Structure formats: C-alpha cells, structure tokens
There are 2 protein chains.
Amino acid sequence: MQSIIDILKENDIAPSMQRIKILEYLKNYKTHPTADMIYQALADEIPTLSKTTVYNTLKTFTEKGILMALYLFSNEVHYEYNTQPHIHFQCTKCNKIYDLYQSFDHYNNDLIDGHKITEYHINLKGICKNCLEKGK
Amino acid sequence: MQSIIDILKENDIAPSMQRIKILEYLKNYKTHPTADMIYQALADEIPTLSKTTVYNTLKTFTEKGILMALYLFSNEVHYEYNTQPHIHFQCTKCNKIYDLYQSFDHYNNDLIDGHKITEYHINLKGICKNCLEKGK
DNA sequence: TCCATTTTTATAATGGTTACAAATAAGTAA
DNA sequence: TTACTTATTTGTAACCATTATAAAAATGGA
C-alpha cells in the first residue's frame with residue numbers, strides 16, 4: 001500500500017504539509033471535489049491555507065497525472081484521484097457525481113479519422129437512484 | 001427543409017432578428033463556438049447586439065433542446081446545433097473541436113445502477129490529424 | 001549559519017457568465 | 001390608430017472560478 005508521501009516523491013514533488021493533506025483528501029474522500037470544496041474542507045486543519053495553494057497544487061498534480069480534472073456539466077472543475085477506468089454520472093437534481101463501472105468503450109491510443117486519442121471522458125447526466133426514489 | 005423561423009416557432013420562441021441570426025450562425029457554421037465567438041461573429045451585422053442577448057438566447061435554445069451545451073476541456077461553454085448523435089474530439093495543440101461519427105456506446109434512457117440517464121457526452125482529447133502531420 | 005531555491009501566501013487582476021433595471025420592440029384590445 | 005401590456009434587448013454592474021504577481025515563509029545544502 002503506497003503512502004501519500006511515496007506518491008509525491010515518485011512524481012518528483014516535494015511532500016509539503018499542504019500537498020500531503022490535499023492529496024490525502026482526494027484519495028480518501030472520492031467525492032470529486034472542486035478547488036473550493038477542498039479549500040473549505042482543509043481550512044480548519046490548516047488555518048493559514050491559501051486558495052492559491054490549492055489551485056497550484058491541483059495544477060501540479062494534474063500535470064503529473066496524479067489527478068484527473070473533470071469537466072462535467074458546469075464551468076467549475078472537479079478533481080479526482082486516478083484509479084481504475086470508469087465513467088461519470090451527475091444527477092441534475094442533487095448534483096452528486098457518481099462513478100460508474102459499467103462496461104464502456106475505451107479509446108486510449110486509438111487513431112480515429114487520423115486523430116491520436118490520448119484521453120477520453122464519458123459523462124452521463126440524469127436523475128440518480130436516490131432522487132428517483134424520493135418520488136417527484 | 002426546415003427554416004430557422006420554423007424551428008423557433010415550433011419551440012414557442014418568438015423569431016426575433018437576434019434569435020434568427022444566432023441560430024442561423026450555429027446551424028450554418030458547425031464550429032462549436034462559445035458565446036463570445038458568436039458575439040464577435042455577429043457584432044458587425046448587428047451593431048447594437050449585446051453579449052447578454054447572446055447568453056440569454058443560448059440559454060433559451062439549450063433549455064428547449066435546440067442546442068447542446070458542450071463542456072469540454074476548459075471552463076468556457078461551447079454550443080452546437082443538435083444533429084445526429086456523435087462524439088467530440090478536441091486537439092490539445094490547436095484546440096480545434098472535431099465531430100466524430102465513429103460507432104460508440106449509446107446510453108440514452110438507460111438505467112445504470114438505478115440511475116436514469118437522460119443525456120451523455122463522450123469527449124476525446126489528443127492530437128489531431130492536422131497537427132500530427134505538421135510534425136512535432 | 002548563510003544563502004539559494006522552493007513553497008506558500010495575500011492581493012489584485014482576469015475572464016466567462018449572470019443579475020438587474022432601463023430602454024426598446026412587439027402584440028393586443030378598444 | 002391609440003393606449004396599454006408584455007416580451008425582448010441592451011448596458012452596467014456584480015459574481016465567481018481561476019490565474020498572475022510579488023512578497024513572506026519554509027526548506028535544503030554548503
């Protein structure tokens with residue numbers, strides 16, 4: 001089991017306290033948070049935390065491939081710790097984001113119409129089980 | 001062949017000049033423009049055009065299902081006139097957006113893990129044919 | 001310890017989008 | 001047509017996520 005610090009070192013990122021806490025948060029709580037959500041969640045624990053640090057850190061992690069940036073159905077970016085391939089579903093009622101592990105088409109390294117594919121996202125939208133059951 | 005005005009009327013939208021021009025632009029130039037691109041493109045023809053009108057109109061059209069809002073790999077929204085199902089590919093070098101008509105999984109009205117799917121987007125990212133050929 | 005480099009921070013700036021309220025255009029009844 | 005109501009457009013300001021910038025703090029090596 002790989003520690004947070006190991007993950008950072010493997011990616012040539014100095015394991016500062018802020019970076020550790022941010023990655024830890026994303027690895028433990030798979031809630032696809034935005035930068036602001038992460039900031040809010042950690043502000044108590046790290047009172048001096050700056051939102052700029054959160055943005056910088058997320059940018060670094062994403063560039064290194066540690067995190068995936070999700071562009072769903074709004075103009076704020078959600079982040080997730082990279083695990084096995086899956087697709088995303090967002091509920092239009094409660095806005096919750098779900099990971100789905102249904103079988104789906106994979107496009108990695110495909111060449112389509114001559115274009116080289118390096119990354120792909122499958123984003124679904126609808127009403128989640130929970131909201132369906134609540135009636136209405 | 002359905003006219004722009006007919007499309008608007010069918011959707012209970014009064015066919016004002018601004019609305020006609022905006023829909024016409026999206027129907028004719030399938031370039032997946034942003035609100036600002038549309039504004040820039042029409043500003044000469046409609047000198048009094050306001051950016052707010054463009055935003056309002058795009059919102060109306062999207063709510064009626066005439067347009068599709070695309071959330072690709074940035075936080076600006078791109079729009080397209082709804083045609084046959086297809087998927088999107090954006091080049092990371094030139095940022096151009098391509099429509100791909102490859103076969104792909106369809107999810108409409110599926111029920112996955114109890115969630116009702118009403119809309120889905122497949123977004124690919126990579127290097128387009130054109131940029132590949134330019135070498136490097 | 002001293003110094004150079006990295007990291008964090010606060011502040012201001014940017015850019016896409018929305019809120020708001022006034023101005024204009026359109027639609028309807030008399 | 002007029003008078004009046006409603007719909008649409010417009011300009012301005014506000015909003016909110018994100019980025020730029022430069023100073024402050026922390027870190028690491030000689």
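None of the values given here were measured: they were computed from a predicted structure.
- With sequence neighbours left out, the salt bridge (charged side-chain N to carboxylate O under 4.0 Å, His left out) criterion links A/Glu133 to no other residue.
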Problem set entry | Heavy-atom protein contacts under 4.0 Å, nucleotides 7-25 of chain D, coded B base, S sugar-phosphate only, - none | -SSBBB----SBBB-----
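- Sorted by first then second residue, the side-chain hydrogen bond (donor to acceptor under 3.5 Å, both in side chains) pairs that include residues 58-77 of chain A, not counting sequence neighbours, number zero.
- Spacing between atom CD of B/Gln40 and atom P of C/dG15 amounts to 13 Å, rounded to whole angstrom units.
- Protein atom CD1 of A/Ile20 is 14 Å distant from nucleotide atom C1' of C/dT8, rounded to whole Å.
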Exercise. Which letter, B, S or -, goes with each nucleotide of nucleotides 21-28 of chain C from 5' to 3', with contact meaning a protein heavy atom under 4.0 Å?
Worked result: --------
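- Qualifying side-chain contact (heavy atoms from CB on, under 4.5 Å) partners for A/Thr57, counting only residues two or more places apart in sequence or in other chains: A/Arg19, A/Ile22, A/Thr53, A/Phe61.
- One can place OH of B/Tyr39 at 17 Å from P of C/dT18, the figure rounded to the nearest angstrom.
- In this structure, the side-chain contact (heavy atoms from CB on, under 4.5 Å) partners of A/Lys30, at least two apart in sequence or on a different chain, are A/Tyr81, A/Thr83.
- For the side-chain contact (heavy atoms from CB on, under 4.5 Å) with B/Ile122, the lone residue among A/Asp105, A/Asn123, A/Ile122 that qualifies is A/Ile122.
- With sequence neighbours excluded, the residues satisfying side-chain contact (heavy atoms from CB on, under 4.5 Å) with A/Thr52 are A/Ser50, A/Asn56.
- By the ring pair (Phe, Tyr, Trp, His ring centres under 6.0 Å) test, B/Phe73 is found to be paired with A/His121, residues two or more places apart in sequence or in another chain being considered.
- Taking the screw axis at each terminus of the helix from C/dT1-D/dA30 to C/dA30-D/dT1 from five consecutive base pairs, the angle between the two is 20° to within rounding of 10 degrees.
- Not counting sequence neighbours, the partners of B/Tyr25 by the ring pair (Phe, Tyr, Trp, His ring centres under 6.0 Å) test are B/Tyr29.
- Partners of A/His106 by side-chain contact (heavy atoms from CB on, under 4.5 Å), not counting sequence neighbours, listed by chain and number: A/Pro85, A/Phe104, A/Tyr120.
- A search for ring pair (Phe, Tyr, Trp, His ring centres under 6.0 Å) contacts involving A/His78 returns nothing, not counting sequence neighbours.
- Computed from coordinates, the B/Glu63 CD to C/dT18 P distance equals 10 Å when rounded to whole Å.
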